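Single-structure report; data block below.
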Protein chains: 2
Amino acid sequence: MSNATISDVAKKVGVSESTVSRYLSGFKVRNSESIKKAIKDLNYRPNIMARNLKSGKTGMVAVIVPDVTNPFFAAIVRGAEVAAGDDYMLQLISTGDDPEKEEAAIRRLSGRVDGLIYVPAKEDTDVITEFADYSFPVVFVDRVINNLRGFDSVLADNQTGAAMATNHLIDHGHTAIAHIAGPAASTPGKGRTEGYLAALKKAKIEKNHDYYVESDFTVLGGYQAMMGLLALKRRPTAVFVGNNLMTIGALKALKESKVNVPDEIAVIGFDDHELSDLVDPPLTVISRDAHLQGALAMSTLLERIRDGYQFPPKQLKVDSNLVIRQSCGSTCLYRKTDADKKILSSSTSS
Amino acid sequence: MSNATISDVAKKVGVSESTVSRYLSGFKVRNSESIKKAIKDLNYRPNIMARNLKSGKTGMVAVIVPDVTNPFFAAIVRGAEVAAGDDYMLQLISTGDDPEKEEAAIRRLSGRVDGLIYVPAKEDTDVITEFADYSFPVVFVDRVINNLRGFDSVLADNQTGAAMATNHLIDHGHTAIAHIAGPAASTPGKGRTEGYLAALKKAKIEKNHDYYVESDFTVLGGYQAMMGLLALKRRPTAVFVGNNLMTIGALKALKESKVNVPDEIAVIGFDDHELSDLVDPPLTVISRDAHLQGALAMSTLLERIRDGYQFPPKQLKVDSNLVIRQSCGSTCLYRKTDADKKILSSSTSS
DNA sequence: AAGTTATCTGCAATCGTTTTTAGCAATTTG
DNA sequence: CAAATTGCTAAAAACGATTGCAGATAACTT
């Protein structure tokens with residue numbers, strides 16, 4: 001009933017376990033034919049746990065994301081999985097944005113995986129430092145833990161992307177430009193705000209404190225932030241929203257408040273979505289290749305697992321693109337094809 | 001540098017390995033204080049692989065879905081993860097809808113996990129029968145492999161859901177109702193088509209073969225199917241689309257063809273989406289709780305792992321709900337609140 | 001055919017735990 | 001006070017593989 005062991009196979013053929021083991025590892029063996037047959041007859045499968053115990057490797061890589069349900073994180077996971085190929089299998093942990101769960105999960109990870117691809121929920125965790133001591137391979141994606149240097153990471157070019165977004169609004173003549181931002185303590189939150197501020201400064205638009213709303217990257221957060229902006233005496237005429245979920249929330253708020261986009265308020269979001277061109281109006285966004293980000297993270301990690309920390313940490317960045325649709329107003333000037341989106345820049349840089 | 005072993009701890013304290021082991025398992029031990037200290041000092045963590053080898057358990061459950069990137073499957077995965085709690089960790093495999101990859105993945109799974117939650121890409125795989133021989137715990141979700149009985153499963157109530165969708169269109173006065181269906185060989189494809197046909201029959205609407213289009217559950221498939229319907233001499237006035245991705249494709253086709261929804265064609269989809277109320281027009285759909293489906297699958301699986309196959313297989317079903325928005329035409333009659341959606345039925349049945 | 005290599009083999013140790021067994025000391029009992 | 005019970009402990013045997021070592025075949029030399 002239960003699985004046959006290598007010794008069952010050996011016994012059946014009349015050779016030693018080591019011979020069977022060598023046959024399995026591809027060495028030349030005298031009775032290879034009968035061993036092959038015995039393996040098939042007994043439906044023998046090597047016990048992975050025993051193998052792992054001996055080798056000290058697990059053939060598994062953990063991927064920790066705040067939430068698989070967020071299409072952006074799902075794309076990262078998928079990218080990582082594809083890049084892993086047949087060499088490694090994925091252990092998925094979505095922490096539900098709960099730092100405690102995350103910490104507990106990381107603890108339980110030890111010994112189960114050969115490496116970790118890590119999108120931390122908060123930036124001030126320090127569980128991970130335990131790993132650092134053991135030179136355990138970790139690659140950070142999208143966010144980075146602030147007190148740690150010396151780890152590999154694959155980030156988005158948040159500053160440039162946010163600046164492109166803000167400039168796009170400026171190009172449409174807006175000066176009352178709000179920013180619904182992610183947590184200032186987070187890598188993408190901070191980076192995008194920096195890009196936003198830099199673009200304003202360059203255009204000599206003085207910043208209005210009311211127009212900067214720090215939120216939390218959630219749908220509800222975006223909704224509330226937008227409601228807050230709508231309640232202002234002097235409403236902004238344009239808003240740059242710092243991530244996909246907050247953009248959804250902001251749009252819901254606008255719809256509920258019957259505020260027309262883009263006529264009354266122009267909206268640009270960060271991160272594209274399968275449905276972005278079907279929403280009303282089709283959404284102009286900054287996009288970056290999350291799948292690629294996951295894939296780069298995985299290949300960096302595999303390299304690190306293979307070669308250890310003899311090479312300096314890699315800090316990769318994925319480019320941001322401006323995808324123009326209709327939520328920022330007339331786009332006739334920019335349109336060149338009848339396709340409903342146009343990618344202004346692309347490719348990957350390190 | 002590398003991890004300390006139980007024998008290091010034992011040596012440091014001056015007791016035997018077994019004593020430390022028993023301390024770890026929660027037994028009463030004389031030098032528990034010094035053992036505790038030694039464990040902390042040495043930063044000792046039990047080697048999971050060794051433990052697994054001894055126990056024959058892995059503490060892992062595999063989840064195989066066609067694509068994590070599909071929000072519906074992501075919700076299943078998340079539901080399963082939540083239900084697993086701290087007892088089991090998830091090994092995720094998304095096969096990219098490639099049956100060969102899927103088969104290979106299942107093969108590599110053996111010995112790595114204690115059970116499997118399985119959304120098969122195709123319905124005629126037979127790898128899984130290997131597992132059946134070993135009474136390996138498997139729970140099917142959403143789809144079921146046709147030549148296999150005797151496994152647990154958690155499906156949606158496809159027939160009822162599809163009938164609700166079709167009836168909703170009929171209630172709006174439509175008789176030329178098309179159905180963009182999933183593969184007839186798949187559980188949800190077949191079930192939803194059955195519901196559609198049953199509703200037509202009950203309303204004494206004779207079915208039009210042109211109005212039944214079998215597609216493949218993808219965005220592109222839905223797009224092409226809708227294009228085909230639009231090319232008909234006698235266009236349908238309403239269409240029921242068999243899953244989320246095909247609905248997106250269909251909407252893109254309609255938008256591209258500048259066909260107004262719902263005035264020229266009413267659309268109802270299967271499976272809700274975070275953005276369904278933001279698309280133009282807000283989409284009326286049949287929805288079911290995918291998160292719950294995943295959670296039920298996991299708890300069924302854990303039960304099965306614990307108790308084995310002494311209990312007969314569970315065949316669970318999750319209810320479908322009609323979420324009315326605006327893609328089927330005027331909804332004033334139905335609206336009772338100013339919320340933009342209304343759930344007509346809910347809860348779970350077995 | 002005998003000597004020299006080149007291949008292949010089995011034995012035994014090992015990976016780091018858990019668990020069974022038997023034993024020892026302290027406590028309780030008759 | 002001897003005997004029985006309790007409460008812990010160490011030693012050893014698993015779990016199922018891989019691998020270094022030394023010995024046994026087989027394959028070449030000359």
Side-chain angles (χ1 to χ4, degrees), chain A residues 1-36 38-60 89 107-114 134 136, chain B residues 1-36 38-60 89 107-114 134 136:
Chain A
M1 187 60 83
S2 163
N3 269 327
T5 77
I6 200 173
S7 105
D8 295 331
V9 177
K11 223 166 283 170
K12 178 153 187 175
V13 178
V15 295
S16 77
E17 307 177 11
S18 21
T19 301
V20 179
S21 172
R22 285 196 202 92
Y23 165 81
L24 290 171
S25 329
F27 284 84
K28 215 168 195 175
V29 156
R30 277 184 203 126
N31 325 38
S32 61
E33 278 311 312
S34 31
I35 293 180
K36 188 175 182 179
I39 287 180
K40 192 159 204 172
D41 290 353
L42 295 172
N43 198 332
Y44 165 73
R45 293 179 184 297
N47 181 309
I48 315 276
M49 292 305 148
R51 193 176 268 179
N52 290 347
L53 172 58
K54 195 76 179 67
S55 69
K57 296 279 159 204
T58 67
M60 296 263 279
M89 308 197 83
R107 288 243 158 69
R108 287 197 297 152
L109 226 50
S110 154
R112 292 185 177 280
V113 296
D114 298 338
Y134 295 97
F136 180 84
Chain B
M1 186 60 83
S2 162
N3 269 328
T5 77
I6 200 172
S7 107
D8 295 331
V9 177
K11 222 167 284 169
K12 177 154 188 174
V13 179
V15 296
S16 76
E17 307 177 11
S18 23
T19 301
V20 180
S21 171
R22 283 171 42 256
Y23 166 81
L24 289 171
S25 327
F27 285 84
K28 214 169 195 174
V29 157
R30 275 185 205 127
N31 325 38
S32 62
E33 277 311 312
S34 31
I35 293 180
K36 190 175 182 178
I39 287 179
K40 193 158 204 173
D41 289 354
L42 295 172
N43 198 331
Y44 165 73
R45 294 179 183 294
N47 180 309
I48 315 275
M49 292 305 147
R51 192 174 270 180
N52 289 347
L53 173 58
K54 197 74 181 64
S55 69
K57 296 278 159 203
T58 67
M60 295 264 277
M89 309 198 84
R107 288 242 157 69
R108 287 197 299 152
L109 226 49
S110 154
R112 292 186 176 279
V113 295
D114 298 337
Y134 294 96
F136 180 84

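Remember, it's a predicted structure, so these values are computed and weren't measured experimentally.
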For this session: Would you mind classifying the nucleic acid contact of A:T5 as base, sugar-phosphate or nothing, using non-hydrogen atoms under 4.0 angstrom?
Result: sugar-phosphate
For this session: Could you tell me the separation between the OH atom of A:Y23 and the P atom of D:dT18, rounded to a whole number of Å?
Result: 13 Å
Problem set entry | For atom NZ of B:K57 and atom C1' of D:dG16, their distance in whole Å | 17 Å
Problem set entry | Closest to side chain of A:R51, choosing from D:dA26, C:dG16, D:dA17 | D:dA17
Exercise. Does C:dT17 have OP1 or OP2 sitting under 4.0 Å from an N or O in the side chain of B:Y44?
Worked result: yes
For this session: To the nearest Å, give me how far apart NZ (B:K28) and C1' (C:dA26) are.
Result: 15 Å
Problem set entry | Interatomic spacing from CZ in B:R107 to CZ in A:R45 - rounded to 0.5 Å | 6.5 Å
Exercise. Over how many whole Å does the gap from A:M49 atom CE to C:dT18 atom P extend?
Worked result: 15 Å
Exercise. Just how far, in rounded Å, is P of D:dC15 from CG of A:N3?
Worked result: 14 Å
Problem set entry | Integer-rounded Å distance: C:dT17 C1' and A:N47 CG | 14 Å
Problem set entry | Pair A:S18, A:S21: side-chain N/O donor-acceptor within cut-off below 3.5 Å | no
Exercise. Expressed in angstrom and rounded to an integer, what is the separation of A:I6 atom CD1 from C:dG10 atom P?
Worked result: 12 Å
Seminar exercise, completed: Considering only heavy side-chain atoms of A:R30, the closest of D:dG7, D:dG16, C:dT7 is C:dT7
Exercise. Base, sugar-phosphate, or nothing for B:S18, non-hydrogen atoms under 4.0 angstrom?
Worked result: base
Exercise. Within the modelled atom types, does a donor on one side and an acceptor on the other bring the side chain of A:R22 and the base of C:dG10 under 3.5 Å apart?
Worked result: yes
Exercise. Between A:K54 (NZ) and C:dA12 (C1'), how many Å, whole number?
Worked result: 12 Å
For this session: Using modelled atom types only, decide if a donor and an acceptor are shared between the side chain of A:N47 and the backbone of A:A50 within a distance under 3.5 Å.
Result: yes
For this session: Please work out if A:D8 contacts a base, only the sugar-phosphate, or nothing of the nucleic acid, heavy-atom cut-off 4.0 Å.
Result: nothing
For this session: Identify, between B:G14 and A:V20, the residue whose nearest nucleotide on DNA chain D lies closer to the 5' end.
Result: B:G14
Seminar exercise, completed: Which of D:dA17, C:dT17, C:dT18 is nearest the side chain of B:S21? It is C:dT18
For this session: Could you say whether B:V29 or B:L53 is positioned toward the 5' end of DNA chain D, judged by the nucleotide with the nearest heavy atom to each?
Result: B:V29
Problem set entry | Distance test, side-chain N/O of A:N31 to OP1/OP2 of C:dT9, below 4.0 Å | yes
Exercise. For A:T19, which contact category applies under a 4.0 Å heavy-atom criterion: base, sugar-phosphate, or nothing?
Worked result: sugar-phosphate
Exercise. For the side chain of A:N52 and the backbone of B:M49, is there at least one donor-acceptor N/O pair under 3.5 Å apart?
Worked result: no
Problem set entry | Least distance between heavy atoms, B:Y44 atom then B:I6 atom | CE1-N, 3.3 Å
